[in-house]
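Inspection log for the structure reproduced underneath, given as structure tokens.
Within every chain, numbering begins at 1; the chains are lettered A, B, ... in the order of the sequence lines, protein sequences first and strands thereafter. Computed from heavy atoms alone, side chains included, the values below leave out hydrogens, waters and symmetry copies.
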Protein chains: 2
Amino acid sequence: MSALASGLLGSLDPTSDRAVFRQIADQLREAIDKGRFAEGAKLPSESELVEHFSVSRMTVRNALSILQSEGLVSSEHGKGVFVRPRPPVRRLASDRFARRHREQGKSAFIVEADAAGSHPEVDNLEVKEERPTPDISARLGAPRKVLARRRRYLLDGRPVEFAVSYLPLDLARDTPIAQPNPGPGGIYARLEELGHTLDHFEEEIKARMPSPQEVRTLRLAAGVPVFHLIRTAFDTKGRAVEVCDTVMAADAYVLNYQLPAT
Amino acid sequence: MSALASGLLGSLDPTSDRAVFRQIADQLREAIDKGRFAEGAKLPSESELVEHFSVSRMTVRNALSILQSEGLVSSEHGKGVFVRPRPPVRRLASDRFARRHREQGKSAFIVEADAAGSHPEVDNLEVKEERPTPDISARLGAPRKVLARRRRYLLDGRPVEFAVSYLPLDLARDTPIAQPNPGPGGIYARLEELGHTLDHFEEEIKARMPSPQEVRTLRLAAGVPVFHLIRTAFDTKGRAVEVCDTVMAADAYVLNYQLPAT
DNA sequence: CTTGACCACTCGTCTATACGAGTTGGCGTT
DNA sequence: AACGCCAACTCGTATAGACGAGTGGTCAAG
């Protein structure tokens, strides 16, 4: 095994003023980038690296923790440290809320995932009346209470997205929107049936590191950021009729938008 | 000083099976979230935390490194560990490339930043002929060579964005586009003057942790992800006339898009 | 053949110690 | 008053050792 490390890794430069653990991280990173360790492959164990570089174990662990925080590798207790495989990504097209996509019975998430050959699931459904946070309240025109629809999306068993939709309660109470399953076309179809013809959506996107709670909910590996997307739906009267607050595992998504040049 | 820590932090639960360094991180995180440590405030020093929790210094450093990788704090050698202030963010509107914004003389970046009261700079200008990477080549319709325009954007002295525009060389050679300063309205105005009336843009957005190179170029703190945005400009004939590859410090941006509901 | 015990190997957590290097403020000299 | 030096504080790097806990294989007993 130690032969493996020797063949794929070089040695340290004692004259360099770059810290030893950084040099080790650099060498491993380069080896991964150049494909000398394939996706999913196991890196040399900590003790092999200790021997190869003649350093203490903490130094090796320090180096590995850099690569982990970069999202390059992940460690598995009792097994080893592995090059993180790139999960298949879901592309979110900017026309995914176009009216023509609302005709069929299944939700956009299910349809898209099926088309891509993945196994989709929706989870954790909760529909509740709540008092809105100041931010949500401002976006929805300060309703006293809102209907909150929470759900989690999974792809091939992996949670990839957690979303909460907020609607003014006066608009959603005692409608199919307040049901766990709002029916074909989702809540946007129901909103239009209720006379709130949709005009446009606004999406606001941030990226950041996840909170510990989000790490649990999305089972995120170290070094994976999240997209935080807030979408507001406006009807033709200019009223904000829904705000959807979504947190997505960033390594599972590519967002696509189409912008007019006019 | 140790009194400070005692007042704001609790004690450990030895019966918990949660690791000590995680418990310490939890306590500090909670204190920060609740505002007991304000933005920019200094946390208790490592040795103060060592004394307060009666653990070894490595355990404290381990806890702090968690908060660092979450982007909550950053350490400064010789000074201390500080709650990371939220930098002012730049909102990128989806209509920022609309034709009407191209009329005036200054670039979109300069105009927007001035309006927001920040001091904008552009940096690192380089214009070069290159052979395209396979990805860029595919997006531009496989030109043999491309013109690459590299630049870095700074806001109030802080680098926030690094961008490279690629244009098919046959389109850009011997035009103002190949000049370091392409003139009022930027290269999009020049493209339209050359008969390539712009029809629409496509943007593709990923978020990930930065490479060490990107950390240097954007002077990123630990725990800050980047947006990786690839924009393709299409003319009215359906030809891809430019690809812009941009890496942005995610803590400096909120992206905004407007989508039609039709 | 299956089961279970054991063992070797993996990473996870924690301690104790040492020295280096950047920052700050005070104190004495000039 | 201005300067320079030093001491005390900060975090950064590295070592050496210990024990715990998860995993997977071997091997012997059933």
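The CG-P distance, from B:L43 to D:dC9, rounds to 19 Å in whole Å. The distance from atom CG of A:D17 to atom C1' of D:dA14 is 16 Å, rounded to the nearest whole Å. If you measure from atom CG of B:L64 to atom C1' of D:dT13, you get 16 Å, rounded to the nearest angstrom. Atom CZ in A:R61 sits roughly 18 Å away from atom P in D:dG17 (whole-Å rounding). Atoms CD (A:E46) and C1' (C:dT13) sit 12 Å apart, rounded to a whole Å. Computed from coordinates, the B:E76 CD to C:dT23 P distance equals 9 Å when rounded to whole Å. Atom CG of B:L49 and atom C1' of D:dC11 are 12 Å apart (whole Å). One can place CG of B:N62 at 13 Å from P of D:dG12, the figure rounded to the nearest angstrom.
Contact annotation for B:R22: backbone-only contact, meaning every heavy-atom pair under 4.0 Å involves sugar-phosphate atoms and none involves a base.
The side chain of B:F21 lies closest to C:dT13, out of C:dG20, C:dT13, C:dG12. In this structure, the nucleotide among D:dT23, C:dC11, C:dA16 sitting nearest to the side chain of B:M58 is C:dA16. For A:S45, the listed nucleotide lying nearest its side chain is C:dT10; candidates were C:dT15, C:dT13, C:dT10. When each of D:dG24, C:dT24, D:dA14 is scored by its nearest atom to the side-chain atoms of A:K79, the top-ranked nucleotide is D:dG24.
With hydrogens and angles disregarded, a donor-acceptor distance shorter than 3.5 Å links the side chain of B:E48 to the backbone of B:S45.
By the 4.0 Å N-to-carboxylate-O rule, B:R61 lies close enough to B:E46 to be salt-bridged with it. No salt bridge links B:R22 with B:D17; every basic N to acidic carboxylate O contact stays at or beyond 4.0 Å. Between A:R29 and A:E70 there is a salt bridge, since a side-chain N of the basic residue sits under 4.0 Å from a carboxylate O of the acidic one. Between A:R18 and A:D26 a salt bridge is recorded (basic side-chain N to carboxylate O distance below 4.0 Å).
Look at B:S56 and you won't find any side-chain N or O under 4.0 angstrom from OP1 or OP2 of C:dT17. The side chain of B:S75 places no N or O atom within less than 4.0 Å of a non-bridging phosphate oxygen (OP1 or OP2) of D:dT10. Taking 4.0 angstrom as the limit, A:S47 places a side-chain polar atom (N or O) nearer than this to OP1 or OP2 of C:dT10.
Residue B:Q68 is the one, among A:G78 and B:Q68, whose nearest nucleotide of DNA chain D lies closer to the 5' end (criterion: closest heavy atom). Two residues, A:V81 and B:R18, neighbour DNA chain C, and the one matched to the more 5' nucleotide by heavy-atom proximity is A:V81.
In the interface, the side chain of A:R57 is paired with the base of C:dG12 through a donor and an acceptor atom under 3.5 Å apart.
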